[in-house]
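Residue numbering restarts at 1 for every chain, and letters A, B, ... go by the order of the sequence lines.
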Protein chains: 2
Amino acid sequence: MSRAASIKDVATHAQVAVGTVSNVLNNPDRVSKRTKDRVLQAIDELGFVRNDAARQLRAGHSRTIGVVVLDVGNPFFTSLVRAAEDAAAMNGSAVLLGDSGHDANRESHYIDLFQEQRVQGLLISPVGDVADRLEALRQRGVPTVLVDRRADEDRFSSVSVDDDAGGYLAARHLLDLGRRKLAFVGGPLSIRQVSDRLLGARRAVDEVDGATLEILDSDGQSVLAGRGLGNSLVDRGAGDMPDGIFCANDLLALGVMQSLTMMNGVRIPEDVALIGYDDIDFAVSAVVPLSSIRQPTDAIGRTAIELLTEELDAQHPQHRAVVFTPELVVRHSTAGADAPH
Amino acid sequence: MSRAASIKDVATHAQVAVGTVSNVLNNPDRVSKRTKDRVLQAIDELGFVRNDAARQLRAGHSRTIGVVVLDVGNPFFTSLVRAAEDAAAMNGSAVLLGDSGHDANRESHYIDLFQEQRVQGLLISPVGDVADRLEALRQRGVPTVLVDRRADEDRFSSVSVDDDAGGYLAARHLLDLGRRKLAFVGGPLSIRQVSDRLLGARRAVDEVDGATLEILDSDGQSVLAGRGLGNSLVDRGAGDMPDGIFCANDLLALGVMQSLTMMNGVRIPEDVALIGYDDIDFAVSAVVPLSSIRQPTDAIGRTAIELLTEELDAQHPQHRAVVFTPELVVRHSTAGADAPH
DNA sequence: TCGTAACAATGAAACGATTCAACGACGGCG
DNA sequence: CGCCGTCGTTGAATCGTTTCATTGTTACGA
């Protein structure tokens, strides 16, 4: 329980100056083998471990990067975190993780915290309006890369997916199957990803005569929320059911699917065609394998880190907005079946 | 891009001493309203943000706790991380996250890193043999709580689940259905959780005359690995198939299920009864809703943090080993069906 | 009017690492 | 023999905060 050994203790023990110990650690070639060995032995004997706080106080910044995600439970962000971790580990730094849970207050709290920690850079998938705060950070030399949200290229780099295009893809696919009475399940619409997907879907529907799009606002993005919405759909009776449903994410879609097929005997895709978004691993192993819109998650994570690294290295970095295009994955939940009747 | 404002800059700007600024921040009541307002205004004008490195250098420790998990992608750990985050946020600290990916080297790397960061405490789900390193940490006043591994109570607190009991539950359930030719799917067996589950299963099988247990070692814990093993099972021909399969986790089980039902026409549970482990969210929405063994993940996360907090607060903490008992969840993949024939 | 509490504010010391100007020892060269 | 350059080592200064003994101010009671 005794106080941890400092570089000074090591110096005393090895009978050298503190500067020499520091050199052994940071510039080994400047030190003769004899003294180096002696110092290393002292370090070993005392179990000395560098105090990073002192280091970064001197250096003016830490060796961590901050990552603020909307939800660590979401596979999309999990993959981002993993990519960030790997990249950080490469150059001996670590990741400070914050889960905002779609809550602007928590998000703000994490930005504060990370700023106090003097993170080198920030990866954030923003909830609230944080542009000003991030701008302030940027001016102090802390670059930020926005994830899953397109940014003004003058100020930040960003990596995002074209959600409008994804929404269009999904709705268009349902329409191509001959479905006309579509429903969009997702919410809250205040989340930009959700509203963009809806926008794209609306665009597709507007292109086809006689096609309609009903909006079912869910409060949450969970399987449970989807199940609830599915039940309320069934309660309306068969005549009033849509024949194509587009869910803003796969969890919702799986919930809707459970409700319709398992609890209420609605056939997918015969009665209702169903498509989700994100193409999570489990989409393929659902009751009815789920069609979905795939986002290149790994590429997004890698790219985000690349952009951040660029900004960290360059003096006057070019900001870049990388936009990935999502991809339609057709499975049984929309496959082959013609429109009902 | 100018250097960040320090407490000294604030002091100058507000025309007070540095100690006063510090007091405004840490002991507001000791400062008169007049000066406090002046200081706060200066802080605002300069955009001053505390430098936590200096703070913790003085304090001797950081305000972070380290969490090392086997795999952030695993929902079990995700829930742990979330619990840790919430608890940390409560008292103004943050979580440093490390994903060891079942790799002892990476694990060791993270312990080093976190030690340099002077984390207040450590939550770890260990891969390699790290007892000595953790013991060294403990002696320096950095408490550790082991997650998902039972620890010697003299040295560490731990939170775990009785995997042997879980394995027994699963196998016993299959035997109770009348199945006799069981297979255990999981690996690598070097992972203690996996081998314990196998041990429990073996115990159950040994209790029943004429029951056999075949071991299918998988190299990985993914849906894909499960699918591969499922395919190789089918290749052996119908006569050589087990009639009950116990998978060491749900991902494997879902993979096996996909392979058997969708690609090879084997009926679950009629031909083969299947049970997984972990009861992840998706178990219920599989092609055939999957029976599983549920671990109380939230309680585990919360308890881990509680134990850590206890150790942080107490001078001479009692170490405690909390063991949760898993629970059988019966769904269609093992439901009702009698043995084949 | 003086003494003394109570309260505010001060500023130097300490935390532990890194950096860098300065120093000593040594060898080679003229 | 003296000069110079190289190499290895030294130790003081620095980073930004907190802490705490000290000083200054005010008000109040004797």
Taking heavy atoms of chain A and a 4.0 Å limit, find me the 5'-most and 3'-most nucleotide of DNA chain D within that range.
D:dG8 to D:dG16
To the nearest angstrom, the CZ-C1' distance between B:R34 and C:dA9 comes to 13 Å
Tell me, with the steps shown, if A:L308 and A:Q120 meet side chain to side chain contact (heavy atoms under 4.5 Å, CB included).
CA-CA 10 Å; A:L308 189 60; A:Q120 288 186 273; over 6 Å; no
Are a donor atom and an acceptor atom from the side chains of B:Q115 and B:Y110 found within less than 3.5 Å of each other?
no
If we ignore angles and hydrogens, is there a donor and acceptor under 3.5 Å between the side chains of A:H319 and A:E311?
yes
Would you please name every residue forming a side-chain contact (heavy atoms from CB on, under 4.5 Å) with A:S32, sequence neighbours left out?
A:R34, A:T35
Which residues pass the side-chain contact (heavy atoms from CB on, under 4.5 Å) test with B:D103, sequence neighbours left out?
B:N105, B:R106
Heavy-atom contacts, protein to nucleotides 11-27 of chain C, under 4.0 Å, summarised as B (base), S (sugar-phosphate only) or - (none) per nt, yield B--BBBBBB--------
Is there a side-chain polar atom (N or O) of B:S32 under 4.0 Å from OP1 or OP2 of C:dA9?
yes
For B:R38, all residues meeting side-chain hydrogen bond (donor to acceptor under 3.5 Å, both in side chains), sequence neighbours excluded:
none
With side chains defined as the heavy atoms from C-beta onward, is the minimum distance between A:E107 and A:P126 less than 4.5 Å?
yes
Pairwise side chain to side chain donor-acceptor pair (under 3.5 Å) hits with a residue in residues 60-70 of chain A, at least two apart
A:D52-A:R63, A:S62-A:T64, A:R63-B:E116
